Amino acid sequence: MAQKGPLYMGFDLSTQQLKAIVVDSNLKLTQEAKVDFDADLGKYGIEKGVITNPAEGEVFAPPAMWLDAVNLVLDRLAEAGIDFGQVMGLSGAGMQHGTVFWSKKAETLMVNLDAGKSLSEQLKDALAHDMSPNWQDSSTQKQCDAFDAELGSADKLAELTGSAAHHRFSGPQIMRYRTKYPSKYDQTARISLVSSFLASVFLGKIAPIDIGDVTGMNMWDVHRGRWNDQLVALAAGGKDQVEELKHKLGDVPEDGGAGFGMVNNYFATRYGFNPECIICPFTGDNPSTILALPLRASDAMVSLGTSTTFLMSTPEYKPDPAYHFMNHPCTPGLYMFMLCYKNGGLARENIRDQINKSGNNWDAFNDTAMATSPLSQKKDSDDMRLGLYFPMHETVPNLPAGQWRMAFNAETNDLQDVPNDFVPDDARNIIESQMLSLRLRSQKLVHSEKDPATGQQLPPQPRRVYLVGGGSANPVIANICAEVLGSVEGIYKLDIGGNACALGAAYKAVWGCERKQGQTFEDLIGSRWDESKFVEKIADGYRKGTFERYGEAVRGFDLMEKEALKREGRLR
Ligand code: XUL
């Protein structure tokens with residue numbers, strides 16, 4: 001049946017896929033489609049969406065492939081029967097930190113697109129460099145050292161920009177691009193992030209970088225709301241070059257909802273888009289994910305995918321080199337707190353595969369985890385069994401690939417090595433380990449609240465925890481998450497279909513186009529949010545006694561990480 005009323009689109013340009021979803025004004029998902037880069041666009045020579053150069057730690061992807069993906073995903077939505085004429089607004093998300101380098105011809109080429117031809121065949125000369133560095137890139141250690149040193153210390157850089165220097169962040173990446181490809185840098189008229197690149201394609205001219213995503217660059221002064229000249233100078237190669245790089249980066253509007261203009265004529269002619277369809281700012285994939293629901297301060301989202309990401313929306317700005325504070329993409333005065341781990345699903349799968357004789361189902365892993373007592377303690381006075389499980393180099397904390405297993409005595413604060421071999425208890429201990437790391441690093445951001453059922457004052461913990469991503473389907477993970485992290489109202493799973501990040505983008509378009517004067521994102525989405533349909537409670541939260549026991553384990557976990565860092569010569 002034909003859909004009545006306005007529709008809104010959200011895109012998610014991630015490492016391996018471009019997803020597009022369509023919602024109506026009531027936030028109901030009506031259509032979705034995706035393009036898988038390896039399966040659909042293998043001609044670009046990518047694997048898992050990227051090209052790697054291990055000798056230099058480089059990971060990158062061709063923006064031309066993303067242009068093909070835009071045509072393909074819209075073709076697929078058209079085949080599915082969507083009427084683009086009803087789409088009144090669109091927004092999107094891109095993997096964070098990646099940069100796209102536009103040539104001087106870019107804008108002329110974009111306004112003169114021929115609707116009969118594909119984007120990639122017409123925009124070849126729009127790029128000054130045919131590759132975009134990916135967030136998995138680790139080629140910028142030298143540049144990161146310079147960024148961390150520039151203001152005096154990593155702490156100072158984190159205080160000013162929300163994060164210490166990270167390989168993937170755009171400032172160090174731009175600095176390396178300038179020195180590695182000086183003539184391409186000179187020919188670069190504008191620099192987009194992946195998110196603003198995609199917005200530019202739909203807009204038909206270079207779209208500004210968004211207020212949330214700009215805080216993934218190590219160059220944006222969060223308090224003053226402007227580029228920091230000293231850091232821009234570092235990336236640009238000197239004080240005299242600051243204005244030139246600032247021009248390439250462009251101005252950053254504060255309002256994350258104000259449309260940039262109407263959709264490029266190319267899309268109206270080729271796909272039948274409503275010519276008045278508004279292009280709202282596109283943001284990073286993580287800031288967009290927190291828009292998939294009206295997240296309140298003290299609610300946390302845990303994304304359990306290949307990597308683990310912990311996200312909170314908070315009015316408190318308490319930066320630290322170990323994690324990230326970014327501007328909230330919609331609401332001034334709010335920040336996104338983020339922990340971003342490289343190890344998550346793969347580390348759990350490694351343990352699962354040692355438990356399973358064969359096959360890759362989770363039954364034996366789950367049974368073993370449930371049969372093991374918390375922290376492997378048979379009685380309260382026993383040592384707590386703790387571990388770190390990193391098949392890949394981890395950034396939180398900065399440790400090389402490896403495993404560490406230790407026993408912690410909570411009475412004496414004594415930490416001892418235990419044999420570093422797999423035992424079945426690892427099934428529970430690895431989930432505990434991942435959750436203890438989240439609790440350790442988020443404890444300053446949560447507050448004491450009353451239990452709504454008993455009126456009793458509870459120790460500081462999140463109000464709700466929302467699980468998203470592949471691991472959220474596992475009830476044992478949800479249960480251990482509740483034991484370790486607690487939560488006043490319980491553990492929830494998003495039950496809205498689609499993909500949280502693309503949904504968040506579509507909701508942003510709804511908000512951008514339909515908000516009343518001064519109406520916040522939380523207010524508008526909250527008023528249309530159908531809790532009973534959109535989320536499902538999957539575990540009770542705070543468990544008295546167990547939560548406090550894990551509180552003691554957090555102390556041991558912190559000591560264990562410091563011990564491992566000391567042994568690796570990495571204690572800051
Ligand atoms: C966040 C990060 C990744 C990418 C890709 O800092 O690098 O989460 O955004 O998802």
Side-chain angles (χ1 to χ4, degrees), residues 10-19 34 37 48-50 57-61 66 92-100 132-140 144 147 157-158 161-173 192-198 209-210 212-220 222 282-292 301-312 319-329 335-346 392-396 398 438 441 468-471 499-505:
F11 293 85
D12 171 22
L13 176 45
S14 63
T15 313
Q16 303 197 50
Q17 292 181 332
L18 174 67
K19 292 162 216 120
K34 66 170 193 233
F37 302 146
K48 292 196 186 295
V50 291
E58 291 181 320
V59 183
F60 43 84
W66 302 334
M95 49 192 157
Q96 295 200 263
H97 322 295
T99 36
V100 179
S132 164
N134 179 268
W135 60 277
Q136 297 166 93
D137 184 283
S138 59
S139 66
T140 54
C144 284
F147 266 78
L157 183 65
T161 68
S163 299
H166 289 271
H167 292 149
R168 62 193 193 281
F169 273 50
S170 325
Q173 287 288 343
S192 286
L193 294 179
V194 176
S195 57
S196 59
F197 161 79
L198 196 56
I209 292 175
D210 139 275
D213 222 8
V214 74
T215 41
M217 301 182 78
N218 276 150
M219 295 191 292
W220 186 257
V222 171
F282 285 36
T283 191
D285 57 350
N286 294 301
S288 189
T289 299
I290 62 168
L291 303 181
M301 278 181 102
V302 182
S303 169
L304 298 166
T306 310
S307 58
T308 305
T309 325
F310 179 93
L311 303 167
M312 273 178 91
D320 183 290
Y323 40 72
H324 310 285
F325 272 89
M326 296 190 174
N327 279 333
H328 189 282
Y335 302 95
M336 180 184 78
F337 167 76
M338 174 168 76
L339 295 167
C340 187
Y341 298 80
K342 282 198 180 155
N343 293 288
L346 187 65
M392 279 183 288
H393 183 279
E394 183 52 78
T395 39
V396 195
N398 184 4
L438 299 180
R441 294 181 166 85
V468 295
N499 134 302
C501 174
L503 267 175

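Bear in mind that the values here come from a model prediction, so they are computed numbers and not experimental data. We count ligands from 1, going down the list as the structure has it; atoms in each ligand are counted the same way.
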*Asks:* Mind checking what makes ring pair (Phe, Tyr, Trp, His ring centres under 6.0 Å) contact with Phe325, not counting sequence neighbours?
*Replies:* Tyr317, Phe337
*Asks:* Applying salt bridge (Lys or Arg N to Asp or Glu O under 4.0 Å), name anything that partners Asp12, two or more places apart in sequence or on another chain.
*Replies:* Lys19
*Asks:* Rounded to the nearest 0.5 Å, what's the gap from CH2 on Trp220 to CD1 on Ile209? Could you check?
*Replies:* 9.0 Å
*Asks:* Check each N or O atom of ligand 1 against all protein N or O atoms and list the pairs under 3.5 Å, with atom names and distances to 0.1 Å, one per line.
*Replies:*
unit_1   : atom_1 : unit_2 : atom_2 : d
ligand 1 : 6 (O)  : His97  : NE2    : 2.6
ligand 1 : 6 (O)  : Arg168 : NE     : 3.1
ligand 1 : 6 (O)  : Arg168 : NH2    : 2.8
ligand 1 : 7 (O)  : His97  : NE2    : 3.3
ligand 1 : 7 (O)  : Arg168 : NE     : 2.7
ligand 1 : 8 (O)  : Asn286 : ND2    : 3.0
ligand 1 : 9 (O)  : Gln96  : N      : 3.0
ligand 1 : 9 (O)  : Asp285 : OD1    : 2.7
ligand 1 : 9 (O)  : Asp285 : OD2    : 3.3
ligand 1 : 9 (O)  : Asn286 : ND2    : 3.3
ligand 1 : 10 (O) : Asp285 : OD2    : 2.4

*Asks:* Looking at the rings of His166 and His324, which for Trp means the six-membered one, are their centres under 6.0 Å apart?
*Replies:* yes
*Asks:* Apply side-chain hydrogen bond (donor to acceptor under 3.5 Å, both in side chains) to Asp210 and list each qualifying residue two or more places apart in sequence or on a separate chain.
*Replies:* Thr283
*Asks:* Could you tell me whether the side chain of Phe147 reaches within less than 4.5 Å of the side chain of Met219, counting heavy atoms only?
*Replies:* yes
